[in-house]
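Beneath this line is the structure, given in C-alpha cells, with notes to follow.
Lettering follows sequence order; numbering is per chain, from 1.
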Number of protein chains: 4
Amino acid sequence: MSEALPKTCDDPRERVLRAAERAFVASGFHGARMAQIAKEAKMSPGHIYHYFESKEQIIAEMIRAHYEEKKVTVERYREAGDQVVDMMIDNLKDSVAAKTDPFWSTLMLEIAAEATRNPEVASSIRNMDAELKGRVISYLQDSVRKDNLESRLEIFVALMQGIGMRNILNPSLDKEAVTLILRDVIEVLFRQKD
Amino acid sequence: MSEALPKTCDDPRERVLRAAERAFVASGFHGARMAQIAKEAKMSPGHIYHYFESKEQIIAEMIRAHYEEKKVTVERYREAGDQVVDMMIDNLKDSVAAKTDPFWSTLMLEIAAEATRNPEVASSIRNMDAELKGRVISYLQDSVRKDNLESRLEIFVALMQGIGMRNILNPSLDKEAVTLILRDVIEVLFRQKD
Amino acid sequence: MSEALPKTCDDPRERVLRAAERAFVASGFHGARMAQIAKEAKMSPGHIYHYFESKEQIIAEMIRAHYEEKKVTVERYREAGDQVVDMMIDNLKDSVAAKTDPFWSTLMLEIAAEATRNPEVASSIRNMDAELKGRVISYLQDSVRKDNLESRLEIFVALMQGIGMRNILNPSLDKEAVTLILRDVIEVLFRQKD
Amino acid sequence: MSEALPKTCDDPRERVLRAAERAFVASGFHGARMAQIAKEAKMSPGHIYHYFESKEQIIAEMIRAHYEEKKVTVERYREAGDQVVDMMIDNLKDSVAAKTDPFWSTLMLEIAAEATRNPEVASSIRNMDAELKGRVISYLQDSVRKDNLESRLEIFVALMQGIGMRNILNPSLDKEAVTLILRDVIEVLFRQKD
DNA sequence: CATGAATGAGCGTTCATTCAT
DNA sequence: AATGAATGAACGCTCATTCAT
C-alpha cells in the first residue's frame, strides 16, 4: 500500500538527475555549474558528491536514463504487430510534438555534441543506440518492407531528430504541415508493396 | 588589380576564424581555449583582441561565416532551372558525404546548441536561416510541387542534417544505402506530378 | 572492585585517540580525515564530537597521551639506581629499535612539526617536555657525571630522536653498527670519571 | 659587469620558491595556501602556474634546492684535508647555530614528514641524501677513523638534526653548553687513534 | 548514546582577458 | 601591429563540523 513511489522527487539521486537535466538544457553540459544543479536539487553542492562521483558521472547517468526512457518508448512498436506502419502514421502528431519539445531537442543536441568529444561517453552512447536500433528492427521486421531496413530506419530516425534541430533553428516550423508530409515519407520508407 | 585577396590566410581575422572553427570542432565552443585558437592562428592570445572583442564574438562571426558559405552553396539551385529535382538526386552522394563529414556535422551541432543558450546568437541564426530558406524557396518555386513547399523544404533540410547527427551516433552508417533510399524520399517530397 | 578498566578498547575516548594515532601516522595531522579516524575507531564521525571538541583537540590530547606513556618509560631510570649508565647501554638495542620504528618516528615528526605551527600545542609540549626532562635529571643525578647534565641529556635525547629521523631518510640505516657506536657516545656523555 | 645576479628576487621562479619556503615554515606543506604563497611572491595565484605545474612541484623543487645548498655546505669538508676533525670542532658553534635556526629546523621537519607520506618525494630525498652522504664519506675517508665510518657519520648527522628538533621542543636549549659537549662526541666518533 | 546525511566555506587550479612593452 | 606575462574571478570538489532523528 505505502509502496515507495519509484523515481519521485524524494529520491535524492533522481532529484539531482532532474536538476542536472534542467541545468544542462539551460546552459549545456559545460556551462552548467554544480552550484546551480545543487540549488535546483535543493541540496548543498557538497552533498551531491554523496550520490555522484563527479559532474562527468552525472552527465553519463543522465544520458543513460535518457536511453532507458527511449527503450520504453519503442516498446510500443513491439505491440503493434503488422499494423506498425499505420501506428507510426497515427502517432505522427505526438512524435513530432515530442521531437520539437525544446527541452528534449536541446538535450539530444548536448548528448550528440558530448559524443563528439568524450570518447567514453561516445562509446557508451553508441552501444545504447545500437541496442535500441536492434530492438526496433526486430519489432519492425515482419511488417515493413525488408530491403535495406536498417538504413530506412536510420533515415527515419535522422528525419525525426533533424526535425528537432530544425525546430531550434526555426521555432515557427509548421508542425502540422510537417506531420502531413511525413505520412508520405513514412509510406515510401516502410510500406510493403503488397 | 592588386585587390586584397579576400578570405586568404593572410587576412588575420580570417585566420582567427579558421583557427577557431578547428578548435571548436575539436573541443566545442566552451571547451576550446583562446590559447589554442591563438596557437592555431599563429598569433598571440592578446592580439586576437585587436580583431575580436571576445570569444563570444568569434563564435558569432564564425557562425555568420558558416552561413555565408551556405549561401554560396545554395546558389547552384538557382542555376538548375527546372532540372532542380534531378540535380538534387544527382548530387545526393556528395550531399550525404558533406553532411556526414565529422567536421561539419560537429560544427552544425555546436551551432545549434549555441542557439539554445545564447539568445543573441539564436536570433542572428534564425534571421540568417530564414533568409537562406527564402532564397532556396525562390529558386525551387517553379520546378517542384508547390503545396506546402516551405514545410517540404524543412523536412528535406531536417533529413540531411539529421543524417549528420546519426553519423555521429552511429559512424558505421551505410552512406551508400542511405543515398539510394533518399532518392525516393526526394521524389516524394518535391517531384511535381506530371 | 568493578573499577572501570582505564585505557582499554572499550573506552570510546581511548578508541578515538588510538585511531587518530594510526591515521596521523598514515597521513599526517593535516592529511588524516575525520572520516578515517571515525572508521578506525568504529564510531560515526558525528559521535566523535561527543568526546572531542575538534580535530585540534584530538591532536592535543594524543600528544598529551604520548607524553604520559613516555613518563612511564622513563620511570625505569628511577629504579636503576647507580647502575643507570650500564642500564642505558644494556637497553641500547631496544632503544634504537623503538626510535627507528616507523610508527613512532613518524608520530614524533608530526608532533614536532605541529609544535612549530600551533602555539597552544607548542606551549603544552614544552611544559610536558620540561617536566619529563626534570624527572629524568632527578633520576640520573647521583649516578652520572654532573657537569652540564641537562645539556648532556639534551644531546642524548637529540641523538636518539635524530636516529629516528635518519631512519626515515635512510631506511637502510645499519642499526646494529649504530648501537655499537652509541655505547661509546653514552660513555663519554654520562660515565663518571671514577 | 651587468651580470644578472643569479637567484635574486628578480627571478620569478626563485621568488615563488622563497615565498613557498616561508609559507611552508609558517604553515607546513599542507597548511600553506597557494594564495598565501602568491601574495608573498607578489604574484597572482594564476601566474604561479606559469612557472610550476602544481603545489606538489613547488614542494619537490624546494626540497631539491635545499639539498643543493647542503651540497655546497659539505664541500668545505673536501678542502679540509687531514684537518677535518679539527675543522668540525672549530665550526661547531656555527653548525649548532645553523641547526637551531627555527627556519631551517622547521623546514627539515616538514621535509622528513613529507618523506613519510609521499613515496615520490621519499625516493627523491633518499637519492639526494645518499649522494650527499657518499660525498662526505669520500671527503672524510683519509682523515678519520675508518671502522664503521658510514654509521659514525649517520650518528653525527642524527645528532645535529636531532639538536634542531630539540631546539623546537625546548627553545631554551643551552647552545653553548651543547657545543662544548659535542666536541667530546666528535672526538669519540671520528678522531683516529694516533 | 549514536548515527550519517547534510552543510558550505575554502581549497588548488584554470583561462578569458588585459596591458606594459 | 604584436607579444606573452600577468591577472583574478570562478570553477569542481573536499571535508571538518552540525543536527535531525
Side-chain angles (χ1 to χ4, degrees), chain A residues 12-13 15-16 27 29-39 41-59, chain B residues 12-13 16 20 27 29-39 41-59, chain C residues 12-13 20 23 27 29-39 41-59, chain D residues 12-13 15-16 27 29-39 41-59:
Chain A
R13 269 185 76 91
R15 245 165 57 219
V16 172
S27 320
F29 289 155
H30 296 80
R33 302 300 161 206
M34 288 303 284
Q36 175 65 19
I37 295 174
K39 203 172 150 191
K42 292 172 196 303
M43 191 182 284
S44 71
H47 195 42
I48 290 184
Y49 291 85
H50 281 262
Y51 302 108
F52 298 92
E53 300 224 321
S54 64
K55 191 179 169 185
E56 281 296 281
Q57 204 197 46
I58 296 177
I59 293 174
Chain B
R13 276 183 70 91
V16 172
S27 319
F29 288 155
H30 296 81
R33 305 292 162 222
M34 288 300 283
Q36 175 64 16
I37 295 174
K39 200 173 153 192
K42 292 172 197 302
M43 191 182 287
S44 71
H47 197 40
I48 289 182
Y49 289 84
H50 280 264
Y51 302 109
F52 299 90
E53 300 223 321
S54 66
K55 192 178 168 184
E56 282 295 284
Q57 204 197 49
I58 296 176
I59 293 173
Chain C
R13 275 182 70 91
S27 320
F29 288 156
H30 295 80
R33 307 291 163 220
M34 288 301 282
Q36 176 64 18
I37 295 174
K39 200 172 152 193
K42 293 172 195 303
M43 190 182 287
S44 71
H47 197 42
I48 289 182
Y49 289 84
H50 280 266
Y51 302 108
F52 299 91
E53 300 224 321
S54 65
K55 191 178 170 185
E56 282 296 284
Q57 203 196 49
I58 296 176
I59 293 173
Chain D
R13 270 184 74 90
R15 244 165 56 218
V16 172
S27 320
F29 289 155
H30 296 80
R33 302 298 163 209
M34 289 303 284
Q36 175 64 18
I37 295 174
K39 202 171 150 193
K42 292 171 196 302
M43 190 180 285
S44 68
H47 196 42
I48 290 182
Y49 291 83
H50 282 262
Y51 302 107
F52 298 92
E53 301 223 322
S54 64
K55 191 180 169 185
E56 281 296 280
Q57 202 196 48
I58 296 177
I59 293 174

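- When the side-chain nitrogen and oxygen atoms of Tyr51(C) are compared with OP1 and OP2 of dC1(E), one or more of them lie within a distance under 4.0 Å.
- At whole-Å resolution of the value, NZ in Lys42(C) and P in dA2(E) are 15 Å apart.
- In this structure, the side chains of Met43(A) and Pro12(A) come closer than 4.5 Å at one or more pairs of heavy atoms.
- Separating the OG atom in Ser27(D) from the NE2 atom in His30(C) is a distance of 8.0 Å, to the nearest 0.5 Å.
- Looking at every heavy atom in both residues, Ile48(D) comes nearest to Ile58(D) through CG2-CD1, 3.8 Å.
- Here the shortest heavy-atom pairing between Glu53(C) and Gln57(C) reads N-OE1, 2.9 Å.
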How does each nucleotide of nucleotides 8-14 of chain F score, in 5' to 3' order, for protein heavy atoms under 4.0 Å: base (B), sugar-phosphate only (S), or none (-)?
-> B--SSBB
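- We find that CD of Gln36(C) is positioned 11 Å from P of dA16(F), with the value rounded to whole Å.
- Ile48(B) has its CD1 atom 14 Å from the C1' atom of dT18(E), to the nearest Å.
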Its dot-bracket string being built from Watson-Crick and G-U pairs below 3.5 Å, with | for another strand and [ ] for crossing, DNA chain F has the pattern .||||||||||||||||||||
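- Of the inter-residue distances, the one linking Ser44(B) atom OG with Tyr49(B) atom OH reads 11.0 Å to the nearest 0.5 angstrom.
- In terms of heavy-atom proximity, Ala23(C) sits nearest to Gln36(C) at CB-CG, 4.3 Å.
- Spacing between atom CZ of Arg13(B) and atom C1' of dA2(F) amounts to 17 Å, rounded to whole angstrom units.
- A pairwise comparison of heavy atoms in Lys55(A) and Ala32(A) identifies NZ-O, 2.7 Å as the closest pair.
- When the P atom of dA5(F) is taken as reference, atom CZ of Phe52(D) falls 15 Å away, rounded to whole Å.
- With sequence neighbours left out, the side chain to side chain contact (heavy atoms under 4.5 Å, CB included) criterion links Arg13(A) to Asp11(A), Tyr51(A), Phe52(A), Glu61(A).
- In terms of position on DNA chain E, the residue among Met43(A) and His50(B) whose nearest nucleotide sits closer to the 5' end is Met43(A).
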